[in-house]
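Shown next, in structure tokens, is the structure this report addresses.
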Amino acid sequence: MAAKRIIFHQDSMEVRQYEFLVSTVREKPLVHVSQINEVNLNTFPPTVVINHNEVIFIDSKHKPEFLQFVKQAGLKVEDRFDIWKAINEVFLEMEFTEHHHETTMKNLVENGFTESEVKDIRAEIDELMQGWASVAWEWNYLGHYDLLLNKKQAYLLHFPRDFYWWSMEIALRNYGK
């Protein structure tokens, strides 16, 4: 049996073998509940924000244990607008109406972006994300985790630290609002 990648303790979670080498949990895998600022169960996979600046992805196979941990620790559960899902939806192999695209852009603007910035971000990740939807975790969801996983596979062991933190800044643009 494979070792568990996340172990939930009464007042902390231990993140082992986290797949993004530049993450802070690689050096300090024990995350105390006081470091967990919010939980989002509507991302795929579920996420926590730690230290007000980093999104940590919780492997979906740990979701039942994670839900128990969240409840037991009394962690703040948010349903914050998923910025990367909205940015990445243009890379899904789905047909969206013009109204849908307008609504998505309106939501991104309401969450701290300009239309020009969204276009620049999409242009920045276009080559990376083209065709990625066919191997995404969820057929109709292409989020932050998918972006980072694709970048990781493109760069193997040389995952760019600046890209990781750039993606976090974007993911957390609407954090705390």
Side-chain angles (χ1 to χ4, degrees), residues 1-88 107-108 111-113 121 125 128-129 132 135-138 140-177:
M1 186 169 148
K4 289 180 120 184
R5 294 179 72 164
I6 300 178
I7 298 174
F8 297 101
H9 304 288
Q10 186 170 349
D11 64 350
S12 61
M13 64 181 200
E14 189 175 347
V15 184
R16 299 174 163 189
Q17 303 168 2
Y18 195 61
E19 59 196 313
F20 303 113
L21 299 177
V22 299
S23 171
T24 61
V25 298
R26 289 296 290 207
E27 288 183 26
K28 296 179 181 176
L30 196 62
V31 179
H32 192 272
V33 293
S34 64
Q35 294 173 268
I36 300 172
N37 312 111
E38 78 174 28
V39 174
N40 192 333
L41 302 174
N42 296 320
T43 56
F44 194 87
T47 57
V48 297
V49 174
I50 64 168
N51 303 320
H52 301 288
N53 73 343
E54 186 174 9
V55 176
I56 301 297
F57 305 95
I58 308 298
D59 192 322
S60 292
K61 70 181 174 186
H62 297 299
K63 193 169 182 177
E65 293 170 89
F66 178 56
L67 291 174
Q68 182 61 35
F69 172 73
V70 168
K71 183 178 178 182
Q72 178 184 324
L75 295 172
K76 180 180 174 183
V77 178
E78 290 287 334
D79 185 17
R80 195 165 39 85
F81 177 74
D82 189 341
I83 289 170
W84 276 114
K85 178 184 179 197
I87 289 173
N88 288 339
N107 287 331
L108 285 164
N111 282 276
F113 295 85
I121 292 167
I125 63 173
L128 183 67
M129 297 306 287
W132 181 244
V135 292
W137 280 46
E138 288 281 306
N140 62 350
Y141 182 91
L142 198 59
H144 191 189
Y145 180 78
D146 299 301
L147 173 79
L148 291 176
L149 190 60
N150 196 26
K151 187 73 165 182
K152 176 186 170 191
Q153 290 179 352
Y155 280 80
L156 300 174
L157 295 176
H158 304 291
F159 191 97
R161 177 177 296 276
D162 58 339
F163 184 87
Y164 182 81
W165 291 106
W166 172 77
S167 80
M168 293 298 160
E169 185 276 323
I170 290 169
L172 296 171
R173 181 75 58 94
N174 62 352
Y175 169 74
K177 294 184 175 161

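Side-chain atoms of D82 do not come within 3.5 Å of backbone N or O of T43 as any donor-acceptor pair. With hydrogens and angles ignored, the 3.5 Å screen pairs a side-chain donor or acceptor of W84 with a backbone N or O of S167. The closest donor-acceptor contact from the side chain of N88 to the backbone of G143 lies under 3.5 Å.
Using a 4.5 Å heavy-atom cutoff, the side chains of L75 and F69 are in contact. For the pair I58 and M13, the minimum side-chain heavy-atom distance is below 4.5 Å. Inter-residue side-chain proximity for H62 and F8 is flagged as met; some heavy-atom pair is nearer than 4.5 Å. Considering only heavy atoms from C-beta on, M168 comes within 4.5 Å of V55 through its side chain.
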Please test Y175 against N53 for side-chain contact (heavy atoms from CB on, under 4.5 Å), starting from the C-alpha separation and ending with a verdict. CA-CA 9 Å; Y175 169 74; N53 73 343; over 6 Å; no

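Atom CD of Q10 is surrounded by 12 or fewer heavy atoms from other residues, nucleotides or ligands within 6.0 Å.
Residue H144 forms a ring-ring contact (aromatic ring centres under 6.0 Å, His included) with just one option from F57, Y164, F20, and that option is F57.
Of all non-hydrogen atoms in F159 and L148, the two that sit nearest each other are CE1-O, 3.4 Å. What you find for Y145 and F44 is that their closest heavy atoms are CB-O, 4.1 Å.
Between the CD atom of Q17 and the CD1 atom of I6 there is a distance of 11.0 Å, given to the nearest 0.5 Å. Here the CG-CD1 distance, from L147 to I87, works out to 9.0 Å after rounding to the nearest 0.5 Å. Put simply, CG on N111 and CD1 on I170 are 13.0 Å apart, with the number rounded to the nearest 0.5 Å. Remark: I50 CD1 to T24 OG1 distance equals 4.0 Å, nearest 0.5 Å. For the atom pair E78 CD and L41 CG, the distance stands at 11.0 Å (nearest 0.5 Å).
Taking the six-membered ring where the residue is Trp, F163 and W166 present tilted rings, their angle falling between 30° and 60°.
Listed by first then second residue, pairs satisfying salt bridge (Lys or Arg N to Asp or Glu O under 4.0 Å) with a partner in residues 29-48 read E38-R80, not counting sequence neighbours.
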